[in-house]
Amino acid sequence: MSAESTPEPGIPGETGTSDGPRHRKERGRRKGLLIMAWTAAGIVVLGGTGAGYLYFKLNGNIKSVDIDQALGTDRPTKVDNGSENILVLGSDTRSGANKKLGGGTDDGSARSDTAMIVHVYEGHKKASVVSIPRDTLIDRPQCTDTRGDTHDAGNGVMFNSAYSTGGAACAVKTVESITGIRMDHYLEVDFSGFEKLIDELGGVEVTTTKAIDDPDSHLKLEAGTHTLDGEQALGLVRTRHGVGDGSDLGRIQLQQAFIKALVEQVRHVGLFTSPTKLYDLADTATKAVTTDSDLGTVNALMSWANGLKGIKSSNMHMVTMPVRYDPADPNRVVVLESKAEQVWTALKNDRPIPASATEGNATGEAAGVVTAS
C-alpha cells in the first residue's frame with residue numbers, strides 16, 4: 001500500500017568482504033554505494049550515476065507522505081551533529097499482488113512486517129541499523145495520520161499495530177516515542193514491489209547452511225548456494241517457521257543476512273555500465289517506494305543518496321532492539337529498557353552502539369543460517 005492512505009485497523013554480526021587486489025580494484029571502480037536496507041536498495045543506487053536526464057521521467061512514480069505536517073511540533077528535537085535517522089518499513093497490504101506472495105488473507109488491512117532504524121553517522125562513512133521486532137509489546141502513543149484523523153493511544157499492543165492503525169505517520173510517532181530520537185526521513189516499500197526489484201537485479205545469491213521449508217512464506221530451499229529470484233527473496237525475508245526458534249527474531253536475523261547479500265549483489269551486477277539496466281531498476285524502485293515529502297522527488301533522492309555512497313557494507317553495524325520473550329506469551333517480546341536506552345543514547349550522541357547493549361538478549365537463534373555467497 002501507499003502510506004499516503006490510512007489503512008483500516010488490523011491484527012497487528014557483520015560480514016566482511018574479500019580484500020584481495022582484484023576486489024580492492026573492483027571496489028574502487030564501482031564505489032560501492034550503500035544500500036541502507038532492502039526497502040531503499042533501488043533508490044540509493046540512483047545516487048551519483050550521472051544519469052540525471054532520466055530522473056525527471058521517474059518523478060511521477062514516487063509516492064510521498066507529509067510526516068512533518070501530520071506530527072506537528074510535538075516530536076523529539078533534531079540533533080544537529082551531522083547524523084541522520086531514517087525509518088525504513090516493509091509493508092504488506094494483504095491484498096492484490098501481495099496476497100499471492102504469502103501476504104495472508106485479503107482482509108483489507110495492512111501491516112508493517114519489517115521495521116528498521118538506520119542511523120547514518122556524521123561524515124556519512126558508517127551506519128548502524130536497528131531492527132524493531134514487529135511482535136514487540138509497546139505503549140503506542142496517540143497519533144494523527146496524514147488525513148488528519150486522530151487515533152487513540154494503546155497500551156501493551158504490538159509494535160506493528162501503529163502502522164495498521166494510522167499508517168506512516170503513526171509508525172513514525174511510535175518509533176520516536178520508543179526511542180526519543182527524531183526520524184529525519186521515512187522510506188517504505190510493499191512486498192510486490194520488493195519482488196520486482198530483486199528480479200530486476202537478476203536475483204541475489206545466498207548460501208544456506210541448513211534446509212529451509214516454510215509453507216507460510218512459500219519458501220523451500222536445500223542447504224547450499226542459491227540465486228534467489230524475487231519471490232524466493234521475499235519468502236526468505238518473511239520466513240520464521242522452521243528456522244531457529246521460529247520467532248520473529250529469527251526472521252530478523254535472516255533479513256539482516258539478506259541485506260548483506262543484497263549489498264554485494266548490487267556492487268557486482270554492473271549497473272554502472274548498463275544505462276538500460278539502471279533505468280529499469282530505477283523505474284521499478286520508484287514505483288515501489290513511498291517516502292517522506294522531503295524525499296518526494298527524484299532530485300531530492302539523488303542528492304540524499306549521493307551523501308550516502310561513501311558507506312561500505314563492512315561499515316554497517318546491524319543489531320536488533322534489545323528484547324526478551326514475554327513470560328506470558330512466547331510469541332511476543334518486551335523491550336529490555338536499560339539495554340535499549342544504551343542503544344538510543346549512543347545514536348543520539350552519534351556514537352557506536354556498545355556491545356553490552358546486544359549481549360544476552362533474545363536472538364531468534366537463526367544467526368548463520370543464511371550468508372552472502
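In this chain, numbering begins with 1 at the start of the sequence shown.
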(request) Mind running side-chain contact (heavy atoms from CB on, under 4.5 Å) on Val298 and Ile62 for me, showing each step along the way? (result) CA-CA 8 Å; Val298 173; Ile62 302 173; 3.5 Å; yes
(message) When you measure from the side chain of Asn155 to the backbone of Asp139, do you find a donor-acceptor pair of N or O atoms at a distance under 3.5 Å?
(response) no
(message) Any non-hydrogen side-chain atom of Leu234 less than 4.5 Å from a side-chain atom of Val237?
(response) yes
(message) Quick check on side-chain contact (heavy atoms from CB on, under 4.5 Å): which of Thr320, Thr363, Val369 does Gln253 satisfy it with?
(response) Thr363
(request) Report yes if some heavy atom in the side chain of Gln255 is under 4.5 Å from a heavy atom in the side chain of Ile252; otherwise report no. (result) yes
(request) Indicate the atoms forming the closest heavy-atom contact of Asp280 with Glu200, along with that distance. (result) CB-OE1, 3.5 Å
(request) Evaluate side-chain hydrogen bond (donor to acceptor under 3.5 Å, both in side chains) for Thr174 paired with Tyr163, printing each intermediate quantity in order. (result) CA-CA 9 Å; Thr174 299; Tyr163 182 88; over 6 Å; no
(message) I'd like to know if Val333 and Val157 are part of one continuous hydrophobic network [Ile/Leu/Val/Met/Phe/Trp/Tyr, side-chain heavy atoms within less than 4.5 Å].
(response) yes
(message) Show, in sequence, the C-alpha distance, side-chain angles and deciding distance for Glu205 and Thr225, and conclude whether the side-chain hydrogen bond (donor to acceptor under 3.5 Å, both in side chains) test is met.
(response) CA-CA 7 Å; Glu205 188 173 281; Thr225 299; 5.7 Å; no
(request) Flag the pair Asp248 and Arg251 as a salt bridge only when some basic side-chain nitrogen lies within less than 4.0 angstrom of an acidic carboxylate oxygen. (result) yes
(request) Using distance alone, with no hydrogens and no angle criterion, decide if Gln256 and Ser131 have a side-chain donor and acceptor under 3.5 Å apart. (result) yes
(request) Would you confirm whether Thr286, through its side chain, and Asp283, through its main-chain N or O, come within 3.5 Å as a donor-acceptor pair? (result) yes
(message) If you define the side chain from C-beta out and look only at heavy atoms, does anything of Arg75 sit under 4.5 Å from Val172?
(response) yes
(request) Compare every heavy atom of Ala288 with every heavy atom of Gly193, then report the nearest pair and how far apart it is. (result) CA-CB, 3.6 Å
(message) Does atom NZ (Lys196) have a neighbourhood of more than 12 heavy atoms from anything else shown, all under 6.0 Å?
(response) no
(request) Indicate, with yes or no, if Leu58 and Leu187 share a hydrophobic cluster defined by side-chain heavy-atom contacts under 4.5 Å among Ile, Leu, Val, Met, Phe, Trp and Tyr. (result) yes
(message) As an exercise, state the distance from OG1 of Thr208 to CG of Leu236, rounded to the nearest 0.5 Å.
(response) 9.0 Å
(message) How long is the straight-line distance from CG of Leu87 back to CZ of Arg182, given to the nearest 0.5 Å?
(response) 13.5 Å
(request) Compute whether any side-chain donor of one residue and acceptor of the other, for Gln142 and Thr150, lie under 3.5 angstrom apart. (result) no
(request) State, yes or no, whether a side-chain contact exists between Ile353 and Leu347 at a heavy-atom distance under 4.5 Å. (result) yes
(request) Would you give the length of the straight line joining atom CG of Leu221 to atom NZ of Lys210, rounded to the nearest 0.5 angstrom? (result) 14.5 Å
(request) State, with a plain yes or no, whether a side-chain heavy atom of Thr146 is found less than 4.5 Å away from one of Asp66. (result) no
(request) I would like to know whether Asn331 and Tyr325 meet side-chain contact (heavy atoms from CB on, under 4.5 Å); could you show each step before the answer? (result) CA-CA 8 Å; Asn331 293 315; Tyr325 290 108; over 6 Å; no
(message) Determine whether a donor-acceptor pair (N or O, by modelled atom type, separation under 3.5 Å) exists between the side chain of Asp184 and the backbone of Ile86.
(response) no
(message) Looking at every heavy atom in both Asp135 and Arg240, which two are closest together, and how far apart are they?
(response) OD2-NH2, 3.2 Å
(message) I'd like to know whether Thr136 forms a side-chain contact (heavy atoms from CB on, under 4.5 Å) with Met158, so could you lay out the CA-CA distance, the side-chain angles of the two residues, the decisive distance to 0.1 Å, and finally the verdict.
(response) CA-CA 5 Å; Thr136 308; Met158 285 172 57; over 6 Å; no
(message) Testing the 3.5 Å rule here: is there a donor-acceptor pair between the side chains of Ser161 and Arg140?
(response) yes
(request) May I have the step-by-step check of side-chain contact (heavy atoms from CB on, under 4.5 Å) for Val206 and Thr371, ending in yes or no? (result) CA-CA 6 Å; Val206 301; Thr371 61; over 6 Å; no
(request) Give the minimum heavy-atom separation between Gly364 and Ser247, together with the two atoms involved. (result) CA-OG, 3.7 Å
(request) Work out which heavy atom in Pro322 is nearest to a heavy atom in Ala357; give both atom names and the distance. (result) CG-O, 3.3 Å
(request) Would you mind reporting whether Leu137 and Asp326 have side-chain heavy atoms less than 4.5 Å apart? (result) yes
(message) I need the single residue from His124, Met183, His119 that forms a side-chain contact (heavy atoms from CB on, under 4.5 Å) with Glu84. Which is it?
(response) His124
(request) Given side-chain hydrogen bond (donor to acceptor under 3.5 Å, both in side chains), test Lys339 with Asn361 step by step and report yes or no. (result) CA-CA 9 Å; Lys339 288 190 174 184; Asn361 307 334; 3.1 Å; yes
(request) Give, for atom CG of Leu336 and atom CD of Glu341, the distance between the pair rounded to the nearest 0.5 Å. (result) 13.0 Å
(message) Side chains of Tyr186 and Ser64: any donor to acceptor distance under 3.5 Å?
(response) no
(message) Can you confirm whether more than 12 heavy atoms, excluding those of Asp74, are under 6.0 Å from its CG atom?
(response) no
(request) Look at Asp214 together with Lys220 and state whether they make a salt bridge at an N to O cut-off of under 4.0 Å. (result) no
(request) Rounded to the nearest 0.5 Å, what's the gap from CD on Glu176 to OG1 on Thr179? Could you check? (result) 6.5 Å
(message) Applying side-chain hydrogen bond (donor to acceptor under 3.5 Å, both in side chains) to His185 and Asp294, what does each step give before you reach the verdict?
(response) CA-CA 8 Å; His185 293 299; Asp294 286 345; 5.1 Å; no
(message) Do Glu188 and Ser91 pair up side chain to side chain, a donor and an acceptor below 3.5 Å, judged on atom types alone?
(response) yes
(message) Within the structure provided, determine whether Arg332 and Phe159 are in side-chain contact (heavy-atom separation under 4.5 Å).
(response) no
(request) Answer yes or no: is there a donor N or O on one side and an acceptor on the other, between the side chain of Asn349 and the main chain of Arg351, under 3.5 Å? (result) no
(message) Working to the nearest 0.5 angstrom, can you tell me the gap between Asp145 CG and Leu71 CG?
(response) 10.0 Å
(message) Any heavy-atom pair between the side chains of Arg238 and Leu254 that's under 4.5 Å?
(response) no
(request) Heavy atoms only: give me the nearest Ala362-Leu249 pair and the separation to one decimal. (result) CB-CD1, 3.5 Å
